[in-house]
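Everything below concerns the one structure shown next.
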Number of protein chains: 2
Amino acid sequence: MPKVSQAHLDARRQQIIDAARARFATHGFARTSMADIVTGSGLSNGAIYRYFTSKEEIVVAVCEQAGDGLPQELTTEAVNGFLEHIRTLARDADHARLVAQIYAEAAVSPPLAALVRDQLAALRAAVAELVLARRGLDRGRDRDRDRDAERVAEAFVALCAGYNQQLAIRGDVDPAPYTAALMAIVEE
Amino acid sequence: MPKVSQAHLDARRQQIIDAARARFATHGFARTSMADIVTGSGLSNGAIYRYFTSKEEIVVAVCEQAGDGLPQELTTEAVNGFLEHIRTLARDADHARLVAQIYAEAAVSPPLAALVRDQLAALRAAVAELVLARRGLDRGRDRDRDRDAERVAEAFVALCAGYNQQLAIRGDVDPAPYTAALMAIVEE
DNA sequence: TCAAGAAAAACGAGGGGTCGCTCTTTTTAT
DNA sequence: ATAAAAAGAGCGACCCCTCGTTTTTCTTGA
(Lines give C-alpha, C1' and ligand atoms only; values in the text may rest on other atoms or scores of the structure.)
Protein backbone atom coordinates (compact mmCIF):
# COMPACT_ATOMS: atom_id res chain seq x y z
CA MET A 1 0.00 0.00 0.00
CA PRO A 2 1.25 3.39 -0.93
CA LYS A 3 2.69 5.57 1.73
CA VAL A 4 1.69 8.70 0.01
CA SER A 5 -1.29 9.51 -2.14
CA GLN A 6 -1.34 9.03 -5.87
CA ALA A 7 -1.86 12.74 -6.19
CA HIS A 8 1.38 13.30 -4.37
CA LEU A 9 3.22 10.94 -6.68
CA ASP A 10 1.75 12.68 -9.70
CA ALA A 11 2.76 16.03 -8.31
CA ARG A 12 6.33 14.87 -7.83
CA ARG A 13 6.46 13.52 -11.33
CA GLN A 14 5.11 16.77 -12.67
CA GLN A 15 7.67 18.64 -10.61
CA ILE A 16 10.41 16.80 -12.45
CA ILE A 17 8.81 17.37 -15.83
CA ASP A 18 8.41 21.07 -15.18
CA ALA A 19 12.02 21.51 -14.18
CA ALA A 20 13.18 19.51 -17.18
CA ARG A 21 10.99 21.44 -19.60
CA ALA A 22 12.24 24.80 -18.39
CA ARG A 23 15.83 23.74 -18.85
CA PHE A 24 15.18 22.00 -22.15
CA ALA A 25 13.64 25.15 -23.56
CA THR A 26 16.62 27.33 -22.73
CA HIS A 27 19.50 24.90 -23.18
CA GLY A 28 18.25 22.07 -25.38
CA PHE A 29 18.10 18.40 -24.53
CA ALA A 30 21.77 17.55 -24.84
CA ARG A 31 23.02 20.58 -22.92
CA THR A 32 20.70 19.79 -20.05
CA SER A 33 22.31 17.44 -17.58
CA MET A 34 20.63 15.28 -15.01
CA ALA A 35 22.29 17.46 -12.41
CA ASP A 36 20.42 20.44 -13.87
CA ILE A 37 17.11 18.64 -13.55
CA VAL A 38 17.98 17.53 -10.05
CA THR A 39 18.76 21.07 -8.98
CA GLY A 40 15.80 22.60 -10.78
CA SER A 41 13.30 20.16 -9.36
CA GLY A 42 14.60 20.45 -5.82
CA LEU A 43 14.73 16.67 -5.58
CA SER A 44 17.65 14.31 -5.52
CA ASN A 45 19.20 12.16 -8.18
CA GLY A 46 17.88 8.98 -6.62
CA ALA A 47 14.39 10.38 -6.27
CA ILE A 48 14.21 11.24 -9.94
CA TYR A 49 15.24 7.79 -11.02
CA ARG A 50 12.39 6.48 -8.93
CA TYR A 51 9.94 8.21 -11.27
CA PHE A 52 11.82 7.87 -14.55
CA THR A 53 14.13 5.10 -15.60
CA SER A 54 16.23 7.28 -17.89
CA LYS A 55 16.77 10.77 -19.15
CA GLU A 56 15.19 9.84 -22.43
CA GLU A 57 11.99 8.91 -20.64
CA ILE A 58 11.87 12.43 -19.23
CA VAL A 59 12.36 13.83 -22.70
CA VAL A 60 9.45 11.80 -24.00
CA ALA A 61 7.22 12.90 -21.14
CA VAL A 62 8.01 16.54 -21.84
CA CYS A 63 7.32 16.08 -25.54
CA GLU A 64 3.98 14.45 -24.87
CA GLN A 65 2.81 17.23 -22.61
CA ALA A 66 4.01 19.88 -25.02
CA GLY A 67 1.96 18.56 -27.92
CA ASP A 68 -1.10 16.96 -26.43
CA GLY A 69 -4.07 19.11 -25.64
CA LEU A 70 -3.44 21.42 -28.54
CA PRO A 71 -6.14 19.97 -30.79
CA GLN A 72 -8.68 20.18 -27.97
CA GLU A 73 -7.89 23.82 -27.41
CA LEU A 74 -8.53 24.47 -31.05
CA THR A 75 -11.75 22.61 -31.51
CA THR A 76 -13.38 24.00 -28.42
CA GLU A 77 -12.72 27.51 -29.55
CA ALA A 78 -14.73 29.42 -32.05
CA VAL A 79 -14.22 29.05 -35.76
CA ASN A 80 -11.65 31.81 -35.78
CA GLY A 81 -10.03 30.40 -32.68
CA PHE A 82 -6.79 29.56 -34.35
CA LEU A 83 -6.06 33.17 -35.13
CA GLU A 84 -6.32 33.98 -31.48
CA HIS A 85 -4.17 31.00 -30.80
CA ILE A 86 -1.38 32.49 -32.86
CA ARG A 87 -1.29 35.51 -30.62
CA THR A 88 -1.16 33.30 -27.56
CA LEU A 89 1.85 31.56 -29.02
CA ALA A 90 3.61 34.85 -29.57
CA ARG A 91 3.73 35.49 -25.85
CA ASP A 92 5.64 32.37 -24.94
CA ALA A 93 9.04 32.37 -26.61
CA ASP A 94 10.25 29.64 -24.28
CA HIS A 95 7.57 27.31 -25.53
CA ALA A 96 8.59 28.08 -29.09
CA ARG A 97 12.18 27.20 -28.28
CA LEU A 98 11.08 23.97 -26.67
CA VAL A 99 9.11 23.00 -29.74
CA ALA A 100 12.15 23.66 -31.90
CA GLN A 101 14.13 21.24 -29.75
CA ILE A 102 11.40 18.65 -29.99
CA TYR A 103 11.18 18.82 -33.77
CA ALA A 104 14.93 18.60 -34.17
CA GLU A 105 15.09 15.58 -31.93
CA ALA A 106 12.17 14.00 -33.72
CA ALA A 107 14.06 14.41 -36.99
CA VAL A 108 16.78 12.07 -35.78
CA SER A 109 14.90 9.83 -33.34
CA PRO A 110 12.35 7.41 -34.82
CA PRO A 111 10.33 6.85 -31.62
CA LEU A 112 10.00 10.56 -31.01
CA ALA A 113 9.19 11.08 -34.66
CA ALA A 114 6.28 8.67 -34.32
CA LEU A 115 4.98 10.60 -31.35
CA VAL A 116 5.24 13.96 -33.04
CA ARG A 117 3.73 12.63 -36.26
CA ASP A 118 0.67 11.54 -34.33
CA GLN A 119 0.36 14.89 -32.63
CA LEU A 120 0.66 16.68 -35.95
CA ALA A 121 -1.90 14.43 -37.55
CA ALA A 122 -4.34 15.12 -34.73
CA LEU A 123 -3.73 18.81 -35.10
CA ARG A 124 -4.32 18.73 -38.83
CA ALA A 125 -7.52 16.81 -38.31
CA ALA A 126 -8.75 19.39 -35.84
CA VAL A 127 -7.89 22.23 -38.20
CA ALA A 128 -9.54 20.48 -41.12
CA GLU A 129 -12.66 20.23 -39.03
CA LEU A 130 -12.53 23.93 -38.31
CA VAL A 131 -12.05 24.72 -41.97
CA LEU A 132 -15.07 22.68 -42.94
CA ALA A 133 -17.13 24.28 -40.20
CA ARG A 134 -16.09 27.70 -41.39
CA ARG A 135 -17.29 26.81 -44.83
CA GLY A 136 -20.54 25.52 -43.45
CA LEU A 137 -19.85 21.94 -44.40
CA ASP A 138 -19.93 18.61 -42.63
CA ARG A 139 -17.17 16.11 -42.92
CA GLY A 140 -17.94 13.01 -44.95
CA ARG A 141 -20.45 14.67 -47.23
CA ASP A 142 -18.21 15.50 -50.13
CA ARG A 143 -14.99 13.64 -50.70
CA ASP A 144 -13.41 16.44 -52.67
CA ARG A 145 -14.33 19.02 -50.08
CA ASP A 146 -12.81 16.87 -47.37
CA ARG A 147 -9.64 16.46 -49.35
CA ASP A 148 -9.42 20.16 -49.90
CA ALA A 149 -9.87 20.86 -46.21
CA GLU A 150 -7.06 18.44 -45.46
CA ARG A 151 -4.82 20.20 -47.92
CA VAL A 152 -5.61 23.51 -46.34
CA ALA A 153 -4.96 22.06 -42.90
CA GLU A 154 -1.62 20.75 -44.04
CA ALA A 155 -0.40 24.17 -45.08
CA PHE A 156 -2.11 25.82 -42.15
CA VAL A 157 -0.40 23.71 -39.52
CA ALA A 158 2.94 24.02 -41.29
CA LEU A 159 2.65 27.79 -41.30
CA CYS A 160 1.85 27.83 -37.59
CA ALA A 161 4.86 25.61 -36.99
CA GLY A 162 6.92 27.90 -39.18
CA TYR A 163 5.81 30.88 -37.16
CA ASN A 164 6.77 29.08 -34.00
CA GLN A 165 10.16 28.35 -35.47
CA GLN A 166 10.77 31.95 -36.43
CA LEU A 167 9.72 32.97 -32.95
CA ALA A 168 12.18 30.55 -31.42
CA ILE A 169 15.07 32.03 -33.35
CA ARG A 170 14.22 35.69 -33.75
CA GLY A 171 12.43 36.26 -30.48
CA ASP A 172 9.93 38.88 -31.51
CA VAL A 173 8.09 38.39 -34.75
CA ASP A 174 5.10 40.42 -35.79
CA PRO A 175 2.13 38.02 -36.01
CA ALA A 176 0.26 40.20 -38.50
CA PRO A 177 1.73 38.72 -41.69
CA TYR A 178 0.88 35.27 -40.41
CA THR A 179 -2.72 35.90 -39.56
CA ALA A 180 -3.14 37.47 -42.96
CA ALA A 181 -1.49 34.52 -44.67
CA LEU A 182 -3.58 32.04 -42.71
CA MET A 183 -6.73 33.79 -43.83
CA ALA A 184 -5.51 33.68 -47.42
CA ILE A 185 -4.83 29.96 -47.14
CA VAL A 186 -8.19 29.15 -45.63
CA GLU A 187 -10.13 31.18 -48.12
CA GLU A 188 -8.10 30.31 -51.19
CA MET B 1 58.37 19.64 -46.11
CA PRO B 2 55.37 18.33 -47.94
CA LYS B 3 53.95 21.72 -48.61
CA VAL B 4 50.59 21.45 -50.31
CA SER B 5 48.58 23.90 -52.35
CA GLN B 6 45.89 26.12 -50.91
CA ALA B 7 43.38 24.30 -53.03
CA HIS B 8 44.36 21.10 -51.36
CA LEU B 9 43.92 22.66 -47.93
CA ASP B 10 40.50 23.94 -48.89
CA ALA B 11 39.55 20.52 -50.16
CA ARG B 12 40.57 18.95 -46.88
CA ARG B 13 38.55 21.45 -44.95
CA GLN B 14 35.55 20.80 -47.13
CA GLN B 15 36.08 17.08 -46.65
CA ILE B 16 35.68 17.57 -42.92
CA ILE B 17 32.64 19.76 -43.31
CA ASP B 18 30.96 17.28 -45.62
CA ALA B 19 31.49 14.39 -43.23
CA ALA B 20 30.25 16.47 -40.32
CA ARG B 21 27.17 17.63 -42.18
CA ALA B 22 26.17 14.11 -43.16
CA ARG B 23 26.42 12.93 -39.59
CA PHE B 24 24.76 16.04 -38.15
CA ALA B 25 21.78 15.51 -40.41
CA THR B 26 21.17 11.95 -39.30
CA HIS B 27 22.22 12.10 -35.67
CA GLY B 28 22.10 15.73 -34.60
CA PHE B 29 24.95 17.84 -33.28
CA ALA B 30 25.19 16.43 -29.79
CA ARG B 31 24.99 12.79 -30.83
CA THR B 32 27.76 13.29 -33.35
CA SER B 33 31.14 12.72 -31.78
CA MET B 34 34.49 13.89 -33.01
CA ALA B 35 35.33 10.25 -33.58
CA ASP B 36 32.37 10.06 -35.99
CA ILE B 37 33.69 13.00 -37.95
CA VAL B 38 37.17 11.56 -37.94
CA THR B 39 35.93 8.26 -39.32
CA GLY B 40 33.55 9.82 -41.79
CA SER B 41 36.12 12.18 -43.21
CA GLY B 42 38.75 9.49 -43.56
CA LEU B 43 41.22 11.74 -41.78
CA SER B 44 42.75 11.57 -38.35
CA ASN B 45 41.99 13.27 -35.07
CA GLY B 46 45.06 15.44 -35.21
CA ALA B 47 44.41 16.37 -38.81
CA ILE B 48 40.96 17.69 -38.03
CA TYR B 49 42.18 19.85 -35.19
CA ARG B 50 44.60 21.35 -37.63
CA TYR B 51 41.74 22.78 -39.65
CA PHE B 52 39.28 23.53 -36.86
CA THR B 53 40.06 24.52 -33.32
CA SER B 54 36.91 23.02 -31.86
CA LYS B 55 33.80 21.05 -32.63
CA GLU B 56 31.72 24.19 -32.34
CA GLU B 57 33.71 25.76 -35.13
CA ILE B 58 32.77 22.85 -37.36
CA VAL B 59 29.14 23.32 -36.42
CA VAL B 60 29.29 26.97 -37.38
CA ALA B 61 30.96 26.17 -40.69
CA VAL B 62 28.25 23.64 -41.52
CA CYS B 63 25.52 26.12 -40.61
CA GLU B 64 27.04 28.81 -42.78
CA GLN B 65 27.25 26.57 -45.81
CA ALA B 66 23.74 25.27 -45.28
CA GLY B 67 22.14 28.71 -45.33
CA ASP B 68 24.31 30.83 -47.58
CA GLY B 69 23.73 30.72 -51.29
CA LEU B 70 20.02 30.18 -50.90
CA PRO B 71 19.03 33.77 -51.67
CA GLN B 72 21.22 33.75 -54.79
CA GLU B 73 19.56 30.59 -56.02
CA LEU B 74 16.22 32.26 -55.63
CA THR B 75 16.96 35.55 -57.29
CA THR B 76 18.71 34.02 -60.25
CA GLU B 77 15.74 31.83 -60.97
CA ALA B 78 12.66 32.89 -62.79
CA VAL B 79 9.84 34.73 -61.09
CA ASN B 80 8.14 31.47 -60.21
CA GLY B 81 11.44 29.98 -59.22
CA PHE B 82 10.52 29.51 -55.59
CA LEU B 83 7.80 27.05 -56.44
CA GLU B 84 10.33 24.95 -58.23
CA HIS B 85 12.58 25.35 -55.26
CA ILE B 86 10.01 23.71 -53.04
CA ARG B 87 10.12 20.59 -55.14
CA THR B 88 13.89 20.57 -54.99
CA LEU B 89 13.68 20.64 -51.24
CA ALA B 90 11.33 17.69 -51.20
CA ARG B 91 14.03 15.44 -52.63
CA ASP B 92 16.53 16.00 -49.88
CA ALA B 93 15.15 14.85 -46.56
CA ASP B 94 18.62 14.85 -45.05
CA HIS B 95 18.98 18.53 -45.72
CA ALA B 96 15.63 19.12 -44.07
CA ARG B 97 16.78 17.24 -40.99
CA LEU B 98 19.98 19.25 -40.90
CA VAL B 99 18.06 22.50 -41.02
CA ALA B 100 15.90 21.32 -38.13
CA GLN B 101 19.05 20.75 -36.10
CA ILE B 102 20.38 24.16 -37.00
CA TYR B 103 17.21 25.97 -36.01
CA ALA B 104 16.97 24.14 -32.72
CA GLU B 105 20.55 24.98 -31.90
CA ALA B 106 20.01 28.57 -32.94
CA ALA B 107 17.11 28.75 -30.51
CA VAL B 108 19.44 28.15 -27.57
CA SER B 109 22.72 29.56 -28.85
CA PRO B 110 22.94 33.35 -29.31
CA PRO B 111 25.88 33.36 -31.75
CA LEU B 112 24.22 30.80 -33.98
CA ALA B 113 20.96 32.67 -33.68
CA ALA B 114 22.65 35.78 -35.03
CA LEU B 115 23.97 33.84 -37.98
CA VAL B 116 20.63 32.27 -38.81
CA ARG B 117 18.79 35.56 -38.35
CA ASP B 118 21.00 37.15 -40.96
CA GLN B 119 20.44 34.29 -43.36
CA LEU B 120 16.69 34.50 -42.87
CA ALA B 121 16.71 38.25 -43.38
CA ALA B 122 18.63 37.84 -46.62
CA LEU B 123 16.19 35.20 -47.73
CA ARG B 124 13.19 37.37 -46.97
CA ALA B 125 14.75 40.25 -48.85
CA ALA B 126 15.27 38.05 -51.89
CA VAL B 127 11.70 36.79 -51.74
CA ALA B 128 10.33 40.29 -51.32
CA GLU B 129 12.20 41.25 -54.45
CA LEU B 130 10.63 38.36 -56.30
CA VAL B 131 7.19 39.30 -55.08
CA LEU B 132 7.58 42.86 -56.28
CA ALA B 133 8.88 41.66 -59.61
CA ARG B 134 5.94 39.34 -59.99
CA ARG B 135 3.64 42.24 -59.41
CA GLY B 136 5.50 44.32 -61.94
CA LEU B 137 6.81 46.77 -59.39
CA ASP B 138 10.18 48.19 -58.48
CA ARG B 139 11.39 48.42 -54.96
CA GLY B 140 11.53 51.88 -53.46
CA ARG B 141 8.72 53.29 -55.54
CA ASP B 142 5.87 52.86 -53.13
CA ARG B 143 6.48 52.53 -49.42
CA ASP B 144 3.25 50.68 -48.80
CA ARG B 145 3.87 48.25 -51.63
CA ASP B 146 7.31 47.55 -50.26
CA ARG B 147 5.95 46.94 -46.79
CA ASP B 148 3.35 44.61 -48.16
CA ALA B 149 5.95 42.66 -50.08
CA GLU B 150 7.96 42.30 -46.88
CA ARG B 151 4.92 41.00 -45.06
CA VAL B 152 4.30 38.50 -47.80
CA ALA B 153 7.94 37.47 -47.72
CA GLU B 154 7.75 36.94 -43.99
CA ALA B 155 4.91 34.46 -44.27
CA PHE B 156 6.37 32.97 -47.41
CA VAL B 157 9.72 32.13 -45.87
CA ALA B 158 8.08 30.83 -42.72
CA LEU B 159 5.89 28.50 -44.74
CA CYS B 160 8.90 27.19 -46.63
CA ALA B 161 10.65 26.64 -43.33
CA GLY B 162 7.54 24.97 -42.01
CA TYR B 163 7.46 22.67 -45.00
CA ASN B 164 11.07 21.83 -44.41
CA GLN B 165 10.29 21.04 -40.81
CA GLN B 166 7.41 18.75 -41.70
CA LEU B 167 9.66 17.04 -44.19
CA ALA B 168 12.30 16.49 -41.55
CA ILE B 169 9.85 14.74 -39.26
CA ARG B 170 7.42 13.00 -41.55
CA GLY B 171 9.76 12.13 -44.38
CA ASP B 172 7.42 12.30 -47.28
CA VAL B 173 5.06 15.22 -47.49
CA ASP B 174 3.06 16.10 -50.56
CA PRO B 175 4.28 19.50 -51.76
CA ALA B 176 1.01 20.32 -53.50
CA PRO B 177 -0.74 21.97 -50.55
CA TYR B 178 2.30 24.14 -50.02
CA THR B 179 2.65 25.41 -53.55
CA ALA B 180 -1.05 26.22 -53.50
CA ALA B 181 -0.73 28.03 -50.19
CA LEU B 182 2.30 29.95 -51.36
CA MET B 183 0.39 31.16 -54.39
CA ALA B 184 -2.47 32.22 -52.15
CA ILE B 185 -0.11 34.15 -49.94
CA VAL B 186 1.62 35.92 -52.78
CA GLU B 187 -1.58 36.88 -54.51
CA GLU B 188 -3.59 37.75 -51.43
C1' DT C 1 68.21 15.31 -43.16
C1' DC C 2 64.54 17.75 -41.27
C1' DA C 3 60.50 20.08 -40.61
C1' DA C 4 55.58 19.80 -41.60
C1' DG C 5 51.71 17.22 -41.44
C1' DA C 6 49.13 13.03 -40.19
C1' DA C 7 48.23 9.17 -36.87
C1' DA C 8 47.62 7.50 -32.47
C1' DA C 9 47.76 7.36 -27.67
C1' DA C 10 46.50 9.61 -23.50
C1' DC C 11 44.12 12.85 -20.40
C1' DG C 12 40.87 15.45 -17.68
C1' DA C 13 36.25 16.63 -17.30
C1' DG C 14 31.67 15.71 -17.15
C1' DG C 15 27.93 12.69 -18.43
C1' DG C 16 24.19 9.30 -17.08
C1' DG C 17 23.00 5.85 -14.10
C1' DT C 18 23.54 2.75 -9.60
C1' DC C 19 23.71 1.47 -4.90
C1' DG C 20 23.50 1.34 -0.12
C1' DC C 21 21.79 4.09 3.34
C1' DT C 22 18.34 6.93 6.32
C1' DC C 23 13.92 8.33 7.63
C1' DT C 24 9.15 8.11 7.74
C1' DT C 25 4.93 5.63 7.53
C1' DT C 26 2.25 1.50 7.66
C1' DT C 27 1.57 -3.14 9.14
C1' DT C 28 1.60 -6.80 12.51
C1' DA C 29 2.19 -9.51 16.71
C1' DT C 30 1.86 -9.59 21.44
C1' DA D 1 -2.34 -0.36 22.57
C1' DT D 2 2.25 -0.48 21.48
C1' DA D 3 6.51 -1.81 20.02
C1' DA D 4 8.87 -4.34 16.55
C1' DA D 5 9.30 -5.01 11.81
C1' DA D 6 8.63 -4.22 7.01
C1' DA D 7 8.35 -1.39 3.15
C1' DG D 8 8.33 2.78 0.53
C1' DA D 9 10.40 7.39 -0.55
C1' DG D 10 14.16 10.07 -0.84
C1' DC D 11 19.07 11.01 -0.70
C1' DG D 12 23.81 11.67 -2.42
C1' DA D 13 28.26 9.75 -3.03
C1' DC D 14 30.30 7.02 -6.41
C1' DC D 15 31.25 4.29 -10.74
C1' DC D 16 32.30 3.74 -15.26
C1' DC D 17 32.19 5.42 -19.64
C1' DT D 18 32.34 8.66 -23.40
C1' DC D 19 33.56 13.02 -24.99
C1' DG D 20 36.41 16.81 -26.66
C1' DT D 21 40.92 18.09 -26.62
C1' DT D 22 46.07 17.80 -26.07
C1' DT D 23 50.37 15.67 -26.37
C1' DT D 24 53.41 12.48 -28.33
C1' DT D 25 55.05 9.64 -32.00
C1' DC D 26 55.52 8.38 -36.71
C1' DT D 27 55.70 9.46 -41.99
C1' DT D 28 57.02 11.70 -45.77
C1' DG D 29 58.52 14.72 -49.30
C1' DA D 30 61.72 18.53 -50.45
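It should be emphasised that the depicted structure is a prediction, and the values quoted were computed from it without experimental measurement. Within every chain, numbering begins at 1; the chains are lettered A, B, ... in the order of the sequence lines, protein sequences first and strands thereafter.
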Is any side-chain heavy atom of A:C63 closer than 4.5 Å to a side-chain heavy atom of A:V59? yes
I'd like to know if the side chain of B:E57 and the backbone of B:F52 have a donor-acceptor N/O pair within less than 3.5 Å. no
What integer distance in Å separates B:R13:CZ from C:dG5:C1'? 17 Å
Contact check, residues 23-38 of chain B vs DNA chain D, heavy-atom distance under 4.0 Å, returns B:T32, B:S33, B:M34
Given DNA chain C, 5'-ward residue of the pair A:G46 and B:G46, judged by closest heavy atom: B:G46
Under the ring pair (Phe, Tyr, Trp, His ring centres under 6.0 Å) test, residues paired with A:Y103 that sit two or more places apart: none
Take atom CG of A:L43 and atom C1' of D:dA9, then tell me their distance rounded to the nearest Å. 11 Å
Contact list for DNA chain D against residues 52-61 of chain B - heavy-atom distance below 4.0 Å: B:S54, B:K55
For A:E105 and A:S109, which I'm curious about, is there any donor-acceptor pair between the side chains at under 3.5 Å? no
Would you call the rings of B:F24 and B:F29 parallel, tilted or perpendicular, where under 30° means parallel and over 60° means perpendicular? perpendicular
Can you tell me the distance, in whole Å, between the OH atom of A:Y49 and the P atom of C:dG17? 4 Å
Could you give the CD-to-P distance, from B:Q15 to C:dA6, as a whole number of Å? 10 Å
In short, salt bridge (Lys or Arg N to Asp or Glu O under 4.0 Å) pairs touching residues 165-174 of chain A with sequence neighbours left out are A:R170-B:E154
Protein-nucleotide distance (A:H8, atom NE2; D:dG8, atom C1'), rounded to Å: 12 Å
With B:D118, which residues qualify under side chain to side chain contact (heavy atoms under 4.5 Å, CB included), at least two apart? none
Any B:R12 side-chain N or O less than 4.0 Å from OP1/OP2 of C:dA6: yes
Could you work out which one of D:dA13, D:dG10, C:dA7 sits closest to the side chain of A:N45? D:dA13
Side-chain N,O (A:S44) to OP1/OP2 (D:dC11) below 4.0 Å: yes
Please determine if B:R139 and B:E129 form a salt bridge, counting it only when a charged side-chain N lies under 4.0 Å from a carboxylate O. yes
Partners of A:D94 by side chain to side chain donor-acceptor pair (under 3.5 Å), sequence neighbours excluded? A:R97
Atom pair distance, as rounded to whole Å: OH in B:Y51 and P in C:dG5: 8 Å
